[in-house]
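Data first, discussion second: the structure below is written as structure tokens.
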Amino acid sequence: MSDSDLGGLRERAANGDRDAVDQLVELAGERGDLAELRQLAENGNADAAAQLVELATELGDMSELRRLADRGDRDAADQLVELAAERADVGELRRLADGGNRDAADALAELTEEQTEEQDESE
């Protein structure tokens with residue numbers, strides 16, 4: 001799609017054309033365009049928000065997931081917990097757990113237990 005075609009699509013979307021919005025979401029997801037998805041999500045498009053979470057997860061973009069989770073996106077919070085647990089990111093899990101995220105607290109407890117067991121085995 002050319003830049004002018006994309007510009008026309010954005011203009012149609014801005015004027016309320018739902019099909020154009022859907023096409024923009026799809027194209028942004030295919031192109032890996034976090035900025036476009038972020039803009040569409042901030043304009044209230046739930047599909048763009050879901051695609052943004054999915055793409056940020058695929059890219060391992062913890063800062064984007066953190067931004068979304070901190071704004072109340074439950075799917076982003078779930079993905080952030082999962083990614084932090086996979087990376088053994090105790091700091092992020094602790095931050096989320098301190099904020100009341102029960103899944104993060106559980107993952108933190110599990111990770112801490114595993115690390116303790118590993119330490120005991122190495123001694």
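- D78 is linked by a side-chain hydrogen bond (donor to acceptor under 3.5 Å, both in side chains) to R74, counting only residues two or more places apart in sequence or in another chain.
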Please output the side-chain donor-acceptor pairs of residues 8-16 that fall under 3.5 Å, not counting sequence neighbours, one pair per line with the distance.
unit_1 : atom_1 : unit_2 : atom_2 : d
R10    : NE     : E36    : OE1    : 3.0
R10    : NE     : E36    : OE2    : 3.2
R10    : NH2    : E36    : OE1    : 2.5
R12    : NE     : D17    : OD2    : 3.0
R12    : NH2    : D17    : OD2    : 3.2
N15    : ND2    : E11    : O      : 3.2

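- Shortest non-hydrogen contact noted between A88 and L111 is CA-CD2, 3.6 Å.
- In this view, E26 and E30 satisfy the side chain to side chain contact (heavy atoms under 4.5 Å, CB included) rule, not counting sequence neighbours.
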Check against side-chain contact (heavy atoms from CB on, under 4.5 Å), L59 and L34: CA-CA 10 Å; L59 296 173; L34 288 171; 4.0 Å; yes

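- In plain terms, the two heavy atoms of L24 and L6 that are nearest each other are CD2-CD1, 3.7 Å.
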Step-by-step salt bridge (charged side-chain N to carboxylate O under 4.0 Å, His left out) determination, R18 to D22: CA-CA 6 Å; R18 179 67 187 163; D22 291 343; 3.4 Å; yes

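- Legend: side chain to side chain donor-acceptor pair (under 3.5 Å) pairs involving residues 105-114, not counting sequence neighbours, sorted by first then second residue: R102-D106.
- Nearest heavy atom pair, residue Q79 against residue V53, reads CG-CG1, 3.9 Å.
- Atom CD of Q39 and atom CD of E42 lie 6.0 Å apart (nearest 0.5 Å).
- Residues passing the side-chain hydrogen bond (donor to acceptor under 3.5 Å, both in side chains) test with D33 are R31, sequence neighbours excluded.
- For the residue pair A97 and A104, the shortest heavy atom distance occurs at N-CB, 3.7 Å.
- The heavy-atom pair separating L52 from A41 by the smallest distance is CD2-CB, 4.4 Å.
- L65 and A76 make their closest contact through O-CB, 3.8 Å (heavy atoms, listed as atom of the first residue, atom of the second, distance).
- Partners of R95 under the side-chain hydrogen bond (donor to acceptor under 3.5 Å, both in side chains) rule, at least two apart in sequence or in another chain, are D70, E92.
- Rounded to the nearest 0.5 angstrom, L108 CG and D103 CG are separated by 12.5 Å.
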